[in-house]
Protein chains: 2
Amino acid sequence: MTTPAQGLHSHVLATLGLAITAGEYPPGTVLRTDELAQRFDVSRTVVREVVRVLESMHLVESRRRVGVTVLPTASWNVYDPQVIRWRLAGADRPRQLRSLTVLRSAVEPVAAGLAAENATPEQCRELTEHALGMVATSRGRRLEEYLVHDIAFHRVVLNASGNEMFARLGDVVAEVLTGRTHHHVMFEDPDPAAVTLHVQVAEAVRERDAARAEELTRQIAVGALQELDVLAP
Amino acid sequence: MTTPAQGLHSHVLATLGLAITAGEYPPGTVLRTDELAQRFDVSRTVVREVVRVLESMHLVESRRRVGVTVLPTASWNVYDPQVIRWRLAGADRPRQLRSLTVLRSAVEPVAAGLAAENATPEQCRELTEHALGMVATSRGRRLEEYLVHDIAFHRVVLNASGNEMFARLGDVVAEVLTGRTHHHVMFEDPDPAAVTLHVQVAEAVRERDAARAEELTRQIAVGALQELDVLAP
DNA sequence: GGGAATTAAAAGTACTACTTTTACGTCACA
DNA sequence: TGTGACGTAAAAGTAGTACTTTTAATTCCC
C-alpha cells in the first residue's frame, strides 16, 4: 500500500511507523502482536522485530499481559531521521517544518562560525561551487537543481564545522529543504536575497571570518523563518 | 556483566550496543547471528530482535549471506538518547561531552529566548525555584542535589521554549550534566558566576526579556565550554 | 469491604524447519 | 589471460509451534 519494500520487516515497519506518527492511533491505543501479524499477513516473528524497533524509537511500549501501547508524541525520538521522514510525510508537516526550521536557525549559524575556523580548502571550494550553482539555477524554474545545490551547501557547512552532532543534522536539513520545496511555491524562483547570502557565507568561510559567517547564516535562517510565517498558518 | 536487566533482549542489546559504541568492533567487523546467540546463550530470535534495533540506530547493517556488519561512526544515530548514554559510558566520553556541549551552546540560548516569550507562569515559578535551589546547594559538597536542580532548570527552559525539537534535548542535557558532574571535579563546588547567571536567566524569562535571557544563557554556555577546555585534553 | 489466591491473556523465549538472497568459486569460452 | 555465465553454499529472512513468564483482572474468603 505505502511502500513495496524489499523484505516484510521494512514494509510492516514503514506502514506502522507512518500510521503511528500520523496520529492514526491515539496515544494509549493498544495493539496486539497476533492481531498485527494477522492484519499484515506475516508471522509474529516479523511483527515482534518491528515492535522492538518502534519501541527503540519510543513510539510504542510493549508490556506483558497488556500489549503494545502507543506512546504520546512527547516521548518520541523526534531526532530519528526515520521518524522525521514519517512525520514530514504525514499530516502535521507544517508544524514539523516549523520546529525543524527553528532548530536550524539555532544550529546553523554556530556551525557556520565553526566552519570558518575549521573548513579545509577542499570544503571551501565545494562551498563556493554550490553557492555559484545556486546562483546559476536560481532563475527559470530550475528549482530541483537549485535544491540539490542548496542541500549540498548546508551539508558542507555542517560537516566543516567539525562537530559531529552538527554534521549529523545534514539529513534533517535535507529533509526540511526538500519538504519545503516540494510543498509550497514549486513554481516560483527562490529569494534572490537568500542566494546572495549563501555566496557571501562561502566567502566569509573562505576568508576565515567566523563572526561574519555566523551573522550571515543567521540572516539566512531569519529569512527562512519569515518565509515560513508567510506561507504557513 | 554490564547490566542485570529484566529481559534477555535488554541485556544483549545493552552489552552489544555498549561494545560497538565503545569501538570494540571496528567498522567493517562482521558478526553472525548464530554466533552471537551462542555467545550470549540466547536464542537466535532474541539476537535478531537486538540486531534489528541496532540496525535502526545505524550502528550495524545486516545483509544476507554476509552477516551483521558494524558501521562507521559517521552513520550512527548520535541523537538517540540510548546511543548517547552508551558513548558517554565508554572510552571517548571527553570528545562526546565536547560535541554535546557545543550543541548546547548553540541551542540553549535560542531556547531561552523563546522561553521568555512563551513560558507559562507555572514554568516561571519552577525556573525560579530551581535557580534558588542551585544557589542553596552550590556550597558545601552538595553536588548531587545541585545537579538535580541544574538539570531541572535546563529542562524547564527547553520545554518552555515551546519547540518540540528543543524540548527533546532535555534528556541530552541531563546526560551531559550528569556525565560532567560524575567525571571531573566531584569534590569542588560549582562556579559561583554560573549560579548567578542561572538566577538572572530565571529573572529575564519572568520579565519576558527574550534578548537578555538569550544573552545570559549564551554566557552560561561559554562558561561551560571554557570549563571543558580547562579540564579536558 | 478489603485483601489474598486464582485465572487467563498477552508478551517473551526457544527451537526447528524452510526460503531467499547473494558472495564466491568454478568452469567454459573467447 | 581475462571475462562472463553458472552453480553452490552460507547466512539472514520467514514461518510456525510449543512453552514460560509476567501481570491485570477476577474471584473468593475472611
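Quantities reported herein were computed from a predicted structural model and do not represent experimental measurements. Below, chains carry the letters A, B, ... as their sequence lines are ordered, and counting in each starts from 1.
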Inset, instruction - Calculate the interatomic distance between A/H9 atom NE2 and D/dA15 atom P; express it in whole Å. - result: 13 Å
Legend entry - side-chain contact (heavy atoms from CB on, under 4.5 Å) partner of A/R206, chosen from A/V201, A/T128, A/L127: A/T128
Inset, instruction - Using heavy atoms to find the nearest nucleotide of DNA chain D for A/V66 and B/T33 separately, return the residue whose nucleotide is more 5′. - result: B/T33
Inset, instruction - Give one of base, sugar-phosphate or nothing for B/T45, where a contact means two heavy atoms less than 4.0 Å apart. - result: base
Legend entry - Any side-chain donor near an acceptor of the partner, B/E144 and B/H182, under 3.5 Å: yes
Inset, instruction - Tell me what B/R63 touches on the nucleic acid: a base, only sugar-phosphate, or nothing, going by heavy atoms under 4.0 Å. - result: sugar-phosphate
Legend entry - A/L31 CG to C/dA10 P, straight-line distance once rounded to whole Å: 12 Å
Inset, instruction - Round to the nearest Å and state the distance from B/R64 atom CZ to C/dT21 atom P. - result: 6 Å
Legend entry - Ion pair A/R168/A/E164, N-O distance below 4.0 Å: no
Legend entry - Base of D/dT14 paired with side chain of B/R44 (donor-acceptor, under 3.5 Å): yes
Inset, instruction - From the options C/dT13, D/dG13, D/dA15, select the nucleotide whose nearest atom is closest to the side chain of B/L8. - result: C/dT13
Inset, instruction - Determine the contact category for B/V42: base if any of its heavy atoms lies under 4.0 Å from a base atom, sugar-phosphate if only primed atoms, P, OP1 or OP2 are that close, otherwise nothing. - result: sugar-phosphate
Inset, instruction - Would you kindly check whether a donor in the side chain of A/R65 faces an acceptor in the base of C/dA8, or vice versa, at under 3.5 angstrom? - result: yes
Legend entry - Flag for B/H149-B/H154: side-chain donor and acceptor within less than 3.5 Å: no
Inset, instruction - Starting at atom CG of A/L36, determine the distance to atom C1' of C/dG12, rounded to an integer number of angstrom. - result: 16 Å
Inset, instruction - For B/Y79 and A/M165, indicate whether the former's side chain and the latter's backbone hold a donor-acceptor pair under 3.5 Å. - result: yes
Legend entry - Rounded interatomic separation in angstrom, taking CD from B/Q38 and C1' from C/dC15: 15 Å
Legend entry - Nearest-nucleotide pick for A/R32, side chain only, options being D/dT22, C/dA10, C/dT13: C/dA10
Inset, instruction - Ignoring backbone atoms, establish whether A/R52 has a side-chain N or O less than 4.0 Å from OP1 or OP2 of C/dG12. - result: yes
Inset, instruction - Measure the distance from CD on A/E35 to P on C/dA9 and round it to the nearest whole Å. - result: 15 Å
